[in-house]
Amino acid sequence: MTTIDQQSTKKAWAKAIAKPATEFPLTKLPVLSGKIPDGLRGTLYRNGPARFERSGIRVGHVFDGDGAILAVHFTDAGATGVYRYVQTAEYQAETQADRFLYDVYGTHKPGPIWQRWFQPIKNAANTSVLALPDKLLALWEATHPYALDLQTLDTIGLDNLGALPKQLPYSAHYKRDAHTGEIFNFGVSIGTSVQLNLYKSDNTGNIIQRNTFNLGRYSIIHDFVLTQKYLVFFMPPMSMKLLSLILGLTTFSDSLLWKPQLGTQVLIFDRENLSLVSRGETDPWFSWHVGNGYENEEGTIILDLVRYSDFEQTNEFLREFATGETHTLSLSTLWQIRLNPLTGKIISAQEVVNRRCEFPVVQRSQVGQPWRYTYASLIGKNADASKEWFNTIARFDYQTETLTEADLGENRYVTEPIHAQDSQNPEQGWVLTVVYDGNSHSSEVWVFDSDRLDAEPVCKLALPSVIPHGFHGTWNPA
């Protein structure tokens with residue numbers, strides 16, 4: 001942990017996380033410019049770390065900030081918004097004590113080392129959201145999700161999705177098949193062995209099938225690809241200083257080791273029975289997030305993902321991010337990969353966008369299906385990638401191999417772009433992102449025409465308070 005230190009060298013994005021975010025109740029959102037499209041009806045949900053300090057002490061990594069959810073409801077009467085911290089048991093205990101009480105990914109709680117032994121970690125509930133028919137799940141990486149009310153964001157409590165054992169985690173990166181209604185997810189657990197736990201749920205979120213696979217060693221697996229027939233995982237070449245972690249000598253983050261000599265493992269599972277189909281190996285690289293994937297007529301899997309040359313640089317950049325000042329260059333570019341599902345072997349790997357980018361997403365109805373457009377957050381062409389946060393959104397067109405990007409202006413920063421299909425015209429789509437304006441220290445919701453990202457937003461909405469830079473969200477159509 002470090003004490004709070006405001007420096008003049010910090011970029012404008014740092015102001016958004018300098019102080020804990022302020023909640024606001026259900027509030028009508030004023031339109032700053034343009035008009036809410038008539039066919040934009042539903043709710044934008046976004047999750048992200050919103051509190052990085054207590055009593056003058058900052059967390060040690062961006063992954064450790066307490067999660068807060070933003071909901072923006074679009075109705076015939078206009079747009080309303082609500083922003084609430086997820087009231088986890090750990091958040092409530094730390095709020096009452098006004099100090100950190102738990103270890104997290106890159107943070108040790110204050111106190112002697114023996115107080116870290118055999119203690120639970122904090123559920124930060126800060127990574128993603130899953131909108132189900134009767135509840136919203138705030139997702140994290142290492143434990144069960146928290147359920148919230150879809151309208152008010154009141155916290156209901158921990159949720160086991162009907163069949164999730166207490167010790168098994170439910171990851172932040174589910175995949176939902178819009179055609180079957182099935183929801184797939186996973187979790188990596190550490191015990192006497194390192195297990196990849198696979199889950200299949202029905203459209204209500206209740207788990208209807210599970211399977212477990214022994215990974216053999218620990219590696220960060222943060223996301224996966226769903227296709228018509230398969231689940232595809234990439235296991236980066238990593239290991240863990242487990243004894244050092246158990247003894248409290250290192251945080252979880254610092255216990256992770258990059259081992260490029262191991263190569264990246266390719267794991268492909270049958271989506272019907274969750275059994276292993278093939279296991280292959282390829283060059284060493286790291287990835288947090290995938291875009292999409294499908295099988296072509298020849299049975300080849302085609303997918304895209306954001307790829308890093310190693311883990312250490314991206315992890316260090318994200319550690320620095322929590323301080324409000326970054327120095328590490330962490331290059332991440334968009335790649336398209338073709339692989340043989342029966343052997344797990346890579347057929348080809350091609351870099352398609354050579355700009356630093358993250359948070360690749362596709363239209364919700366196209367998850368696991370052939371697709372043309374991948375949307376992502378980017379660093380502007382002239383920005384210093386080692387010091388800046390994502391300040392534009394873009395769309396890559398695989399048919400024309402062109403990149404179309406928005407121009408937000410100086411000192412404005414984006415969240416992951418979320419595609420929303422128009423309810424009246426299936427050919428029309430909208431792209432929503434929450435923008436932090438470092439010039440005015442305010443946050444807004446910007447709505448773009450998905451086919452005209454380089455044009456002015458069709459609508460801008462004002463938010464009552466600053467929303468810190470978040471991770472993931474979803475669009476829940478009305």
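Quick note: residue numbers are just sequence positions, from 1.
Between Lys122 and Asp66 there is a side-chain heavy-atom pair separated by less than 4.5 Å. Side-chain atoms of Ser128 and Asn47, non-hydrogen and from C-beta on, never get closer than 4.5 Å to each other. Between Leu453 and Val431, some side-chain heavy-atom pair lies under the 4.5 Å cut-off. Looking at heavy atoms from C-beta onward, Arg176 lies out of side-chain contact with Val367 at the 4.5 angstrom threshold. The shortest distance between side-chain heavy atoms of Phe213 and Asn211 does not fall below 4.5 Å. Looking only at side-chain heavy atoms (C-beta outward), Val59 and Phe52 come within less than 4.5 Å of each other. Contact annotation: the side chain of Thr152 never approaches that of Val82 to less than 4.5 Å [non-hydrogen atoms, C-beta and beyond]. Contact annotation: the side chain of Thr433 approaches that of Thr415 to within less than 4.5 Å [non-hydrogen atoms, C-beta and beyond].
Atom CD of Gln167 has more than 12 neighbouring heavy atoms from other residues, nucleotides or ligands inside a 6.0 Å radius. Within a 6.0 Å radius of CD in Gln96, no more than 12 heavy atoms belonging to other residues, nucleotides or ligands are found. By the neighbour-count criterion of 12 heavy atoms within 6.0 Å, atom CG of Asp154 is densely surrounded, having more than that number from other residues, nucleotides or ligands.
Centroid-to-centroid, the aromatic rings of Phe224 and Phe184 stay 6.0 Å apart or farther. Between Trp288 and Phe63, a ring centre-to-centre spacing shorter than 6.0 Å is recorded. Ring centers of Phe321 and His61: at least 6.0 Å apart, outside the cut-off.
Proximity of a side-chain donor or acceptor of His73 to a complementary backbone N or O of Gln151 within less than 3.5 Å is detected. Listed for the Asn126 side chain is a donor-acceptor partner under 3.5 Å among the backbone atoms of Gly65. No side-chain donor-acceptor contact under 3.5 Å links Lys166 to the backbone of Asn160. Of the possible polar contacts, none joining the Asn391 side chain to the Val414 backbone as a donor-acceptor pair under 3.5 Å is found. Checked by atom type and distance alone, the side chain of Asn185 never pairs as donor or acceptor with a backbone atom of Tyr170 at under 3.5 Å. A donor-acceptor pair is defined here as one N or O able to donate and one able to accept, closer than 3.5 Å; such a pair exists between the side chain of Ser332 and the backbone of Cys357. At distances below 3.5 Å, at least one donor-acceptor pair connects side-chain atoms of Thr27 with backbone N or O atoms of Pro25. Between the Thr392 side chain and the Asp407 main chain, no donor and acceptor come within less than 3.5 Å of each other. For the pair Asn123 (side chain) and His144 (backbone), a donor-acceptor distance under 3.5 Å is present. The backbone N or O of Asp98 sits less than 3.5 Å from a side-chain atom of Ser55, completing a donor-acceptor pair.
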Point to revise | Criterion side chain to side chain donor-acceptor pair (under 3.5 Å) on Tyr85 and Gln92, from CA distance to verdict | key: CA-CA 10 Å; Tyr85 282 96; Gln92 292 178 330; over 6 Å; no

Exercise for review: Might you work through the side chain to side chain contact (heavy atoms under 4.5 Å, CB included) test for Leu231 and Leu274, ending with a clear yes or no?
Suggested key: CA-CA 8 Å; Leu231 312 179; Leu274 305 182; 3.9 Å; yes

Exercise for review: Evaluate the criterion side chain to side chain contact (heavy atoms under 4.5 Å, CB included) for residue pair Trp140 and Thr88; output intermediate values, then yes/no.
Suggested key: CA-CA 12 Å; Trp140 192 52; Thr88 68; over 6 Å; no

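Ring orientation note: the planes of Trp475 and Phe74 are tilted relative to one another, at an angle of 30° to 60°.
In this structure, the ring-ring contact (aromatic ring centres under 6.0 Å, His included) partners of His173, at least two apart in sequence or on a different chain, are His222, His289, His472. Every residue two or more places apart in sequence or in another chain that forms a side chain to side chain contact (heavy atoms under 4.5 Å, CB included) with Asn197 is listed here: Leu168, Pro169, Ser189, Gln195, Tyr199, Thr212.
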Using atom types as modelled, flag every donor-acceptor pair under 3.5 Å from a side chain in residues 253-261 to any protein atom, sequence neighbours excluded.
unit_1 : atom_1 : unit_2 : atom_2 : d
Ser253 : OG     : Asn315 : ND2    : 2.8
Asp254 : OD2    : Thr251 : OG1    : 3.4
Ser255 : OG     : Phe252 : O      : 2.7

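Using a 4.0 Å cut-off between a side-chain N of Lys or Arg and a carboxylate O of Asp or Glu, Asp103 and Lys109 do not qualify as a salt bridge. Asp177 has a carboxylate O that lies under 4.0 Å from a charged side-chain N of Arg271, or vice versa, which qualifies the two as a salt bridge.
Between the side chains of Thr374 and Asp304, a donor-acceptor pair is found at a separation under 3.5 Å. With hydrogens and angles left out, the side-chain atoms of Arg58 and Thr107 include no donor and acceptor closer than 3.5 Å.
Figure legend: cation-pi geometry between Arg364 and Tyr375 absent, as NZ or CZ is not positioned both under 6.0 Å from the six-membered ring centre and within 45° of its axis. Taking the centre and axis of the six-membered ring of Phe359, the NZ or CZ atom of Arg46 falls outside the cone set by 45° and 6.0 Å. For the pair Arg356 and Phe390, the cation-pi test (distance below 6.0 Å, angle within 45°) is passed.
In this structure, Gly293 and Val225 approach most closely via the heavy-atom pair CA-CG1, 3.7 Å. Closest approach of Lys387 and Lys11 over heavy atoms only: O-CG, 3.5 Å.
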